[in-house]
K.L.:
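Handing you this structure, nothing more for now.
Sequence positions, counted from 1, serve as the residue numbers for this chain.
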Amino acid sequence: EELPFSVGLVEANDFASETSSRSSKLIHGGVRYLEKAVFGFDFQQLKLVFEALSERSILAHQAPFLVHPIETIIPCYSLYDAILFWVGMKTYDLLAVLGGGVVGGFSGF
């Protein structure tokens, strides 16, 4: 059953500026944390990735009528950027599977 809710996000400076999973209620999963964990060798950021994946999985199971993938366009200005982003998303999917979370439909795995 689908509820008749409609949500709009309006930011003062730039689209989606200063948002986080806690303030915007977007179920993003923490891809930004994954980048910091890998390139910064930061274990604390990796813990945030797993926390975000866990939250996403809980919401996807408890409220599937509210949680759904949103297609986005990510600008890649070189082949290297496109490959790096693709590898990052597949790594993220792997971490979701290893953590017992949801993957299907959320990042095209």
Side-chain angles (χ1 to χ4, degrees):
E1 177 178 333
E2 192 166 312
L3 299 177
F5 295 117
S6 181
V7 177
L9 174 66
V10 179
E11 294 288 333
N13 298 324
D14 190 15
F15 179 74
S17 68
E18 301 180 27
T19 62
S20 74
S21 65
R22 306 236 191 272
S23 65
S24 69
K25 305 303 180 219
L26 292 173
I27 314 302
H28 62 82
V31 175
R32 175 183 55 201
Y33 306 133
L34 178 61
E35 178 185 19
K36 291 179 181 180
V38 171
F39 292 113
F41 301 105
D42 189 340
F43 184 71
Q44 190 65 23
Q45 294 293 321
L46 187 59
K47 285 176 60 176
L48 289 173
V49 171
F50 280 107
E51 179 183 325
L53 284 168
S54 175
E55 290 174 3
R56 183 178 78 168
S57 181
I58 289 167
L59 284 170
H61 285 103
Q62 291 182 349
F65 53 90
L66 293 177
V67 179
H68 58 276
I70 298 174
E71 293 183 12
T72 57
I73 298 173
I74 306 296
C76 295
Y77 300 104
S78 69
L79 180 59
Y80 174 78
D81 287 345
I83 292 170
L84 187 63
F85 187 77
W86 184 86
V87 168
M89 292 307 298
K90 295 307 169 189
T91 302
Y92 185 76
D93 286 342
L94 178 63
L95 292 176
V97 170
L98 293 175
V102 295
V103 174
F106 280 87
S107 61
F109 190 63

K.L.:
Determine the minimum heavy-atom distance between Pro64 and His61, stating which atoms define it.
P.N.:
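The answer is CD-O, 3.7 Å.
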
K.L.:
List, by chain and number, the other hydrophobic cluster members for Trp86, where Ile, Leu, Val, Met, Phe, Trp and Tyr join if side-chain heavy atoms come within less than 4.5 Å, directly or indirectly.
P.N.:
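Direct or chained contacts put Trp86 with Leu79, Ile83, Val87.
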
K.L.:
Below 4.5 Å, heavy atoms only, C-beta onward: do Tyr92 and Val49 meet side chain to side chain?
P.N.:
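Sidechains of Val49 and Tyr92: in contact.
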
K.L.:
Would you compute the distance between atom CG of Asp42 and atom NZ of Lys47 and round it to the nearest 0.5 angstrom?
P.N.:
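Going from CG on Asp42 over to NZ on Lys47, the span is 10.5 Å.
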
K.L.:
Check whether Phe43 and Leu34 end up in the same hydrophobic cluster, where Ile, Leu, Val, Met, Phe, Trp and Tyr are linked by side-chain heavy atoms less than 4.5 Å apart.
P.N.:
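Yes; Leu34 is reachable from Phe43 via cluster members.
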
K.L.:
May I ask you to test the Ile74-Phe85 pair for a side-chain heavy-atom distance under 4.5 Å?
P.N.:
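Side-chain contact under 4.5 Å: yes.
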
K.L.:
Any side-chain heavy atom of Leu94 sitting closer than 4.5 Å to one from Leu98?
P.N.:
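The answer is yes, as the side chains (C-beta and beyond) meet within the 4.5 Å cut-off.
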
K.L.:
Using the side chain to side chain contact (heavy atoms under 4.5 Å, CB included) rule, take Phe50 and Leu95 through it: C-alpha gap first, then chi angles, then the decisive distance, then the call.
P.N.:
CA-CA 8 Å; Phe50 280 107; Leu95 292 176; 3.6 Å; yes

K.L.:
Kindly compute the distance separating CG (Leu53) from CD1 (Ile58), expressed to the nearest 0.5 Å.
P.N.:
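That separation rounds to 11.0 Å.
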
K.L.:
Looking at CD of Glu51 and OH of Tyr33, how far apart are the two atoms once the value is rounded to the nearest 0.5 Å?
P.N.:
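The distance works out to 8.0 Å.
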
K.L.:
Nearest 0.5 Å, what's the NZ-CG distance between Lys36 and Leu46?
P.N.:
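Separation between the atoms: 14.0 Å.
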
K.L.:
Rounded to the nearest 0.5 Å, what separation is found between the CD atom of Gln45 and the CD atom of Glu35?
P.N.:
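If I round to the nearest 0.5 Å, the distance is 10.0 Å.
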
